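Encoded as structure tokens, the structure appears first; notes follow it.
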Amino acid sequence: MGLKIYNSLSRQLEEFSPLTEGHVSMYSCGPTVYDYIHIGNARTALVTDIIRRYLTYKGYTVKLVQNLTDIDDKIIARAQTLGTSSSQLAHTNGEAYFEDTQRLGIQLADVHPKATEHIPEMIDLIQTLIDKGAAYVVDGSVYYRVNSFNEYGKLSRRKPEDLLAGARVEVDERKEDPRDFDMWKAAKPGEPYWDSPWGPGRPGWHIECSSMAMKHLGETIDIHAGGEDLLFPHHENEIAQSELATGKPFARYWVHVAFLKIDGTRMGKSEQNFIFLRDALDKYPAEVIRHFLISAHYRHPLDYSLESLQKSESALRRLKNCLETLKKYEEETPEVTDGNSSTLRDVSDADTTLLSAIETMQSQFTAAMDNDFNTAQGMGTIFTLVSQINRALGSSNGISDQTFAHAYKVLSETCQVLGIYTMDEQDTAGTAEFLNPLLELLLEIRQDARSQKDWDTSDKIRDRLKQLNIEIQDTHEGSTWKFVS
RNA sequence: GGUGGCGUAGCCAAGUGGUAAGGCACGAGUCUGCAAAACUCCUAUUCGUCGGUUCGAUUCCGACCGCCACCUCCA
């Protein structure tokens, strides 16, 4: 309850209520698969993922559909330079897309429709629009007649005059109106094509999303998300096509994600200043990249830099240390409750204080996320609790194990909504199991040396392991080791 | 030219008509044989500039300066 979403259509924060109670239908514009995706693309995919996770956390049943544009001019052009087929290129990059996003911890959508698998639906939709007088055929191509939809421009707030004024657009003489856009493109020689009532060709970009969204989610969907660059013309055209065809609202909440910038300007494929997500993932753990990408509100631009990633890495380490310390209580608590009943009662003042801090965090986190998915603010509430827990952990003034176990449960669940605490662990687990006995032995030898104040041997072991990226830490309870990168 | 947005400490970044969340870095401590790690504490009389409205503005209005984006394929 209480979720507010900024709707680009009304340009206001609106109370969210789905069309069907308890269920949310969501469509997110996916990639055009002519290349790997870059971090900027990942930002939109990640925001979509987090919106979905949060809605699920709030108890909604979410159906998320994200398309793959697997036929388009760029794919054709790229395939030609690479000497491969469009379909092969699209397939390869489509697979790469799933691989990359999953590495980032983005969960698969419920449906990932591909444009090339929905040609009949698109033809139907185009035909409907022709029948309604909203489209016309020229030389085997079909254009949408913008003039036939009098609400055209309602999303981007652009008046016809404005659109024509700047007019850097090449005017296609065959169009009735420069604003008209193609829904079906007649195939040129050598291009891939599908048969249609208007001749061989391929669908335009906008019609893909209209028909795939409606096929999988119905004529009116709750949330439609995408990058802010898609607001015009892509989303405007989707509305024009869909609403004229059905006479119903196409999407109820339009969510637009701001750009990721690099050196102050937009990261974009045409700008040639992008960084592939997979390259970033090779250098930084997924949580770090996630943390960075949601460290600002999704409607504000965010500047990519190595420095920012390093900050995220440090911040996350603080979170993780806290969580890992807490986790021990969670593992031990069941045993404790088995035999000893003493820890079950006697809630001390310190317990109460921490317990209420946990509750405060929960309600503040929810409030932050309810406020148009304010992840930056939500993160703040998490870190506030981390400080409180750390202090409690250090003070050892009679806080029960159960309280800490509870803290672990709540904190980790909250982090999972943002996806910043769940991943990895397993990749090093296998080797750790093998190395464990060996390291134990080394630590034992080192401990013997230390008790005899043989610092040379002790330090030698520590230094040499350090060279192998294994770090030793001496604590009051003995020495521990871990991998460092 | 049209449209939208942004400017908060060294850096990143929330936020509100009533006196500035959080993170990183820095500094000071705790711990330690030393270290590392970890933890604690400290860090903006001030929110681009200048005006206006108000008892009171960083928050509302206006002007100006600077930056970004969309209007063309791009998440």
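As the structure is a prediction and not an experimental result, all values here were calculated from the model.
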Using heavy atoms and a sub-4.0 Å distance, could you list which residues of residues 448-463 of chain A are near RNA chain B? By number, please. A:R450, A:W455, A:S458, A:D459, A:R462
Candidate pair A:T265 and A:D263, rule side-chain hydrogen bond (donor to acceptor under 3.5 Å, both in side chains), full reasoning: CA-CA 6 Å; A:T265 58; A:D263 298 327; over 6 Å; no
Work out how far the P atom of B:U72 is from that of B:U3, and round it to whole angstrom. 16 Å
A:K311 side chain, from C-beta outward: closest of B:C24, B:A75, B:G4: B:C24
A:Q362 side chain near A:V410 side chain, heavy-atom distance below 4.5 Å: yes
As a test of reading the structure: which of B:A75, B:C73, B:A38 is closest to the side chain of A:T32, going by heavy atoms? B:A75
Integer angstrom distance from the C1' of B:G15 to that of B:A21: 7 Å
Looking at B:A75, B:C11, B:C24, which one has an atom nearest to any side-chain atom of A:E307? B:C11
Which comes earlier along RNA chain B counting from the 5' end, the contact point of A:T381 or that of A:N390, where each point is its nearest nucleotide? A:T381
Taking 4.0 angstrom as the limit, do A:R52 and A:D110 come out as a salt bridge? yes
Just checking A:L260: base, sugar-phosphate only, or nothing, at a heavy-atom cut-off of under 4.0 Å? base
Aromatic ring centroids of A:H112 and A:F98 under 6.0 Å? yes
Using a heavy-atom cut-off of under 4.0 Å over every strand shown, decide if A:D474 touches base, sugar-phosphate, or nothing. base
Does A:F259 reach a base, just sugar-phosphate, or nothing at all? Heavy atoms under 4.0 Å. base
Lys/Arg cation over aromatic A:Y6: A:R299, 6.0 Å, 45° cone: yes
Closest nucleotide among B:C73, B:C70, B:C68 to the A:K261 side chain: B:C68
Work out how far the P atom of B:C6 is from that of B:A63, and round it to whole angstrom. 16 Å
Between B:A14 (P) and A:F383 (CZ): distance, integer Å: 15 Å
Atom pair distance, as rounded to whole Å: CG in A:L104 and P in B:A75: 16 Å
Separation of the C1' atoms in B:C42 and B:C24, to the nearest angstrom: 15 Å
Of the listed nucleotides B:A75, B:C41, B:C71, the one nearest the side chain of A:K269: B:A75
With a non-hydrogen cut-off below 4.0 angstrom, is A:H291 in contact with a base, only sugar-phosphate, or nothing? nothing
A:S312 near the nucleic acid: base, sugar-phosphate alone, or nothing, with a heavy-atom cut-off under 4.0 Å? nothing
Roughly, in whole Å, what's the span from CD in A:Q272 to P in B:C73? 18 Å
Could you check whether A:S308 gets within reach of a base, just the sugar-phosphate, or nothing at all, counting any heavy atom under 4.0 Å? nothing
What's A:A376 touching, base or sugar-phosphate or nothing? Going by heavy atoms closer than 4.0 Å. base
Separation of A:E228 atom CD from B:C6 atom C1', in whole Å? 11 Å
Among B:A38, B:G15, B:A75, find the nucleotide with the atom closest to the side chain of A:N371. B:G15
Here the distance between atom C1' of B:C6 and atom CG of A:D303, to the nearest Å, is 12 Å
Below 4.0 Å: OP1/OP2 of B:G4 and any side-chain N or O of A:R157: no
Classify the nucleic acid contact of A:G40 as base, sugar-phosphate or nothing, counting any heavy atom under 4.0 Å across all strands shown. base
From the list B:A38, B:U40, B:A14, which nucleotide is the closest neighbour of the side chain of A:R317? B:A38
Taking any heavy-atom pair under 4.0 Å as a contact, classify A:H38: base, sugar-phosphate, or nothing. base
Would you indicate, yes or no, if B:G15 has its OP1 or OP2 atom less than 4.0 angstrom from a side-chain nitrogen or oxygen of A:N374? yes
Sugar-phosphate, base or nothing in reach of A:E471, heavy atoms under 4.0 Å: sugar-phosphate
Identified salt bridge (Lys or Arg N to Asp or Glu O under 4.0 Å) partner of A:D35 from the options A:K269, A:R78, A:R278, A:K74: A:R78
Does B:A25 pair with anything, Watson-Crick or G-U wobble, both distances under 3.5 Å, and if so, with which nucleotide? none
Whole-Å distance separating the OH atom of A:Y298 from the P atom of B:A14: 13 Å
Okay, side chain of A:N67, backbone of A:K114: is any donor-acceptor separation there less than 3.5 Å? no
For atom P, what is the distance between B:A36 and B:C26, given to the nearest Å? 12 Å
Counting any heavy atom closer than 4.0 Å, what does A:R446 reach on the DNA or RNA strands: base, sugar-phosphate only, or nothing? base
A:R43 to A:F259 six-membered ring, cation-pi geometry met (6.0 Å, 45°): no
Go through the steps to decide whether A:H206 and A:H235 satisfy the test ring-ring contact (aromatic ring centres under 6.0 Å, His included), and finish with yes or no. CA-CA 8 Å; A:H206 316 303; A:H235 292 331; 9.3 Å; no
Could you give the distance separating B:U43 and B:A28 at their C1' atoms, to the nearest angstrom? 11 Å
How long is the line joining CZ of A:F181 and P of B:U72, in whole Å? 13 Å
So, OP1 or OP2 of B:U3: does either fall under 4.0 Å of a side-chain N or O from A:R11? no
Please report the C-alpha distance between A:F276 and A:H38 in whole Å, then the side-chain angles of each, then the deciding distance to 0.1 Å, and finally whether the ring-ring contact (aromatic ring centres under 6.0 Å, His included) criterion is met. CA-CA 4 Å; A:F276 285 133; A:H38 63 242; 8.0 Å; no
When rounded to the nearest Å, what value does the distance between P atoms of B:U49 and B:U45 take? 13 Å
Which comes earlier along RNA chain B counting from the 5' end, the contact point of A:T384 or that of A:L319, where each point is its nearest nucleotide? A:T384
So, for A:F16 and A:Y253, is the gap between ring centers shorter than 6.0 Å? yes
What is the distance, to the nearest angstrom, from the CG atom on A:L155 to the C1' atom on B:G4? 12 Å
Whole-angstrom distance between B:U46 and B:C41, as gauged at atom C1': 22 Å
Under 4.0 Å, counting only non-hydrogen atoms across every strand here, what does A:A368 touch: a base, just sugar-phosphate, or nothing? nothing
Report the nucleotide, chosen from B:A38, B:C24, B:C71, that has the shortest atom-to-atom distance to any side-chain atom of A:S314. B:C24
Side-chain contact check for A:R318: nearest option of B:C24, B:A36, B:A75 is B:C24
